[in-house]
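All remarks here apply to the structure that follows.
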Protein chains: 2
Amino acid sequence: MVTIYDIAAKAGVSAMTVSRVINNTGKISEKTRAKVKRVMEEMNYVPNQTARSLVLQQTKLLFLLITDITNPFYTTLARGAEDAAKKHGYRLLFGNSDESLEKEADYVTTILTTRVDGVLLAPAGDPSLPHLESLRKHNVPFVLLDREVPGMDCDIVLGDSKEGAKRLVEHLAEKGHRQIALVNGSSSISSARLRLQGYKEGLKLNELPFREEFVFETSFGQLGDLSDMTAWLERLDPMPTAILTGNNVLAVEAMRLLRAKGLRVPEDISIVCFDDLGPYSDVDPFLTVAAQQAYQFGYMGMGMLIDRIGERDGSSPWKKVVLPAELLVRRSVKDISSEEG
Amino acid sequence: MVTIYDIAAKAGVSAMTVSRVINNTGKISEKTRAKVKRVMEEMNYVPNQTARSLVLQQTKLLFLLITDITNPFYTTLARGAEDAAKKHGYRLLFGNSDESLEKEADYVTTILTTRVDGVLLAPAGDPSLPHLESLRKHNVPFVLLDREVPGMDCDIVLGDSKEGAKRLVEHLAEKGHRQIALVNGSSSISSARLRLQGYKEGLKLNELPFREEFVFETSFGQLGDLSDMTAWLERLDPMPTAILTGNNVLAVEAMRLLRAKGLRVPEDISIVCFDDLGPYSDVDPFLTVAAQQAYQFGYMGMGMLIDRIGERDGSSPWKKVVLPAELLVRRSVKDISSEEG
DNA sequence: TATTTTAAGGTTATCGGTAACATTATATTA
DNA sequence: TAATATAATGTTACCGATAACCTTAAAATA
């Protein structure tokens with residue numbers, strides 16, 4: 001592969017002169033500059049960022065780590081992050097942790113070794129703490145997305161999970177539902193905990209009892225095997241008339257399960273969830289959801305990250321942004337208020 | 001930042017010994033190994049992959065460049081690529097070119113300077129040729145996805161676009177549709193050209209005339225502004241009874257447009273498209289599609305890439321895989337065969 | 001016992017750049 | 001004219017790791 005030394009030799013100058021031409025630093029005569037540039041073109045020279053990073057200890061690369069690349073919430077978020085990064089002249093790399101701590105750890109290693117200038121990430125959960133501490137220890141600026149990690153003070157963009165879940169429950173209650181189940185993500189994830197809390201508050205507000213067995217906890221990611229959830233649902237007595245799921249992926253999984261059991265939505269059972277389905281809700285607006293401003297998560301988070309990177313030394317106080325969720329009423333809830341008492 | 005020299009000094013050995021412990025090479029006494037490991041733990045040592053890459057001339061990083069990160073076809077593909085990469089001990093970085101040549105060029109630069117070991121990419125279109133030539137020139141192995149680029153011989157994974165489009169048209173014809181419009185991606189993209197061809201063949205097979213004005217060409221990506229497409233649709237006389245779109249995104253855009261015009265699907269107009277909507281089709285199976293094996297695109301493509309990287313020198317012939325598309329009949333097509341002749 | 005192996009570890013050069021500090025001419029100023 | 005500034009370029013050291021070669025002491029063999 002062509003190096004500055006090859007260029008230097010062919011152009012009859014020193015490597016340092018080539019470096020100066022590349023970086024537009026120092027004083028170079030127009031003649032020399034032209035010659036060096038010509039030789040670089042001729043030889044198809046591409047700077048070796050690896051070598052450069054090693055000596056400069058920085059890149060102009062930013063990293064976005066999300067937990068589910070097939071989830072429209074995160075891909076829309078990614079678009080926002082990308083747009084903001086581009087606006088500030090940064091390049092963006094993506095990683096997908098798949099809600100897995102191990103994969104997250106791998107990416108943290110990649111992040112540290114790739115020497116990116118900053119990281120925007122949705123942590124897998126509370127146990128991500130050591131990963132964040134590692135970033136902090138190595139002076140890699142980062143901004144958290146969607147999930148708080150107890151024990152870590154940092155910049156963060158959150159959705160209003162509690163309020164959103166509460167509103168969904170209230171909506172169901174208004175439609176006459178009194179047996180409302182919750183399918184939620186892992187309680188090691190702050191947003192899942194808040195959604196559970198919002199669910200409880202929503203019940204209380206409508207004088208509905210909270211029942212432990214009506215809550216099913218699983219992963220926010222793709223499930224594959226639905227047998228646990230099926231078993232849970234079959235255990236319930238009475239059957240819920242409505243299910244609230246902690247995110248869009250779980251709504252999809254729940255629908256799949258219900259279909260497999262021959263239950264129709266919303267005729268036999270209603271369903272609502274957190275997070276919209278992205279542009280695909282437009283195809284057939286079916287699912288009633290608490291939609292989050294996914295694009296804004298990415299756009300604002302990236303802005304905060306770049307601000308933080310720009311800071312010379314004095315660290316301004318940590319910023320925390322909470323974005324509200326919007327209730328979008330569609331067709332997945334049946335009004336049963338007239339059916340009984 | 002802690003380096004092997006810091007570790008070496010504290011452990012009272014040479015840097016080389018530390019390196020040997022890290023990489024499990026050479027002969028090291030158990031005692032020394034234990035001591036070095038302990039010091040590494042104590043000092044929170046993280047190997048500097050940048051330095052390592054520089055000397056080893058390889059990064060163990062692969063790159064996946066897709067054209068639309070919000071498109072479930074590509075995100076599902078990404079999952080497949082990720083799984084295959086992981087299986088072979090590679091790390092994967094993602095980029096999103098957004099169907100834009102400029103962004104693609106940026107990523108090619110990033111790819112070259114980051115010295116990744118190989119690239120899996122869906123090119124933005126025929127004009128991507130120089131980008132591919134650049135990769136080829138710098139000996140970066142790559143595998144193309146979904147789209148051929150005339151003038152470039154290389155490994156590639158394709159869908160059977162022509163056959164898929166033909167089948168969709170035939171399906172519409174079977175349901176009595178005789179006025180079938182096509183909303184397609186740019187003709188500078190090979191898959192769009194093949195889908196147009198399949199559309200024509202489907203028409204011919206059913207003795208339907210091909211009419212230039214029934215084809216609307218736009219971008220495969222998110223449109224935002226629908227005015228051009230609206231104007232096109234309003235010009236048509238007679239109105240089509242069905243629309244075939246070249247991909248899922250365009251189907252969503254078309255649905256959005258139709259809804260804005262107060263047209264119901266499928267009551268007033270039918271719609272079918274290439275590519276499924278990912279897991280979200282399960283929520284409410286609505287759109288009839290020619291589904292591609294998105295996961296396989298990524299998984300097989302990545303396998304081919306890693307094989308190619310593994311090749312010492314002798315280059316085996318270029319491989320071309322064509323994956324069939326499957327017709328999934330759902331509810332977005334109305335049967336109008338009884339309505340007239 | 002003398003010689004050869006081997007285990008365990010150290011030294012040096014290098015990957016491709018760039019910062020910091022020379023080194024030249026030539027131009028400017030005293 | 002001598003002294004000083006400046007433009008243009010070169011030299012050297014280093015970023016953090018590893019390959020290739022070298023050294024030493026203990027173990028195995030002749």
Would A:N96 and A:Y107 count as a side chain to side chain donor-acceptor pair (under 3.5 Å) here? Give the steps. CA-CA 8 Å; A:N96 173 215; A:Y107 275 113; over 6 Å; no

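Taking 4.0 Å as the cut-off between side-chain N and carboxylate O, B:R308 and B:D155 count as a salt-bridged pair. Salt bridge absent: A:R38 and A:E41 never bring a charged side-chain N and a carboxylate O closer than 4.0 Å. Using a 4.0 Å cut-off between charged side-chain N and carboxylate O, B:D98 and A:R79 make a salt bridge. In this structure, A:K319 does not pair ionically with A:E311, as no charged nitrogen and carboxylate oxygen lie closer than 4.0 Å.
Fit an axis to the five pairs at each end of the helix from C:dT1-D:dA30 to C:dA30-D:dT1 and the two axes sit 50° apart, to the nearest 10 degrees.
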Report each atom pair, protein N/O against N/O of nucleotides 12-19 of chain C, whose distance is under 3.5 angstrom.
residue, atom, partner, partner atom, Å
C:dC15, O3', B:Q57, NE2, 3.1
C:dC15, O2, B:V55, N, 3.4
C:dG16, OP1, B:Q57, NE2, 3.2
C:dG16, N2, A:A51, O, 3.2
C:dG17, OP1, A:Y45, OH, 2.8
C:dG17, OP1, A:N48, N, 3.3
C:dG17, OP2, A:I4, N, 2.8
C:dG17, O5', A:Y45, OH, 3.1
C:dG17, N7, A:Y5, OH, 2.8
C:dT18, OP1, A:N23, OD1, 3.4
C:dT18, OP1, A:N23, ND2, 2.9
C:dT18, OP1, A:R52, NE, 2.9
C:dT18, OP2, A:S19, OG, 2.4
C:dT18, OP2, A:N23, ND2, 3.3

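A distance of 9.5 Å separates CE in A:M304 from CG in A:L144, rounded to the nearest 0.5 Å.
Contact check of residues 29-44 of chain A against DNA chain D (heavy atom, cut-off under 4.0 Å) returns A:S29, A:T32.
Residue A:T17 places no side-chain N or O under 4.0 Å from the OP1 or OP2 atom of D:dA8.
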Scan the side chains in residues 134-142 of chain A for donor-acceptor partners under 3.5 Å anywhere in the protein, sequence neighbours excluded, and list what turns up.
residue, atom, partner, partner atom, Å
A:R136, NH1, A:D153, O, 3.3
A:R136, NH2, A:D153, O, 3.0
A:K137, NZ, B:N44, OD1, 3.4

Result block: side-chain N/O donor-acceptor pairs under 3.5 angstrom for residues 118-128 of chain B, not counting sequence neighbours:
residue, atom, partner, partner atom, Å
B:D126, OD1, B:R193, NH2, 3.3
B:D126, OD2, B:R193, NH1, 2.7
B:D126, OD2, B:R193, NH2, 3.2
B:S128, OG, B:E104, OE1, 3.4
B:S128, OG, B:E104, OE2, 2.6
B:S128, OG, B:A124, N, 3.1
B:S128, OG, B:G125, N, 3.2
B:S128, OG, B:G125, O, 3.0

Would you mind writing out the side-chain donor-acceptor pairs for residues 55-66 of chain B within the sub-3.5 Å range, not counting sequence neighbours?
residue, atom, partner, partner atom, Å
B:T59, OG1, B:L61, N, 3.2
B:T59, OG1, B:R115, O, 3.0
B:T59, OG1, B:D117, OD1, 3.3

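The shortest distance between side-chain heavy atoms of A:T67 and A:F220 does not fall below 4.5 Å.
Look at NZ on B:K27: it is 16 Å from C1' on C:dG10, rounded to the nearest Å.
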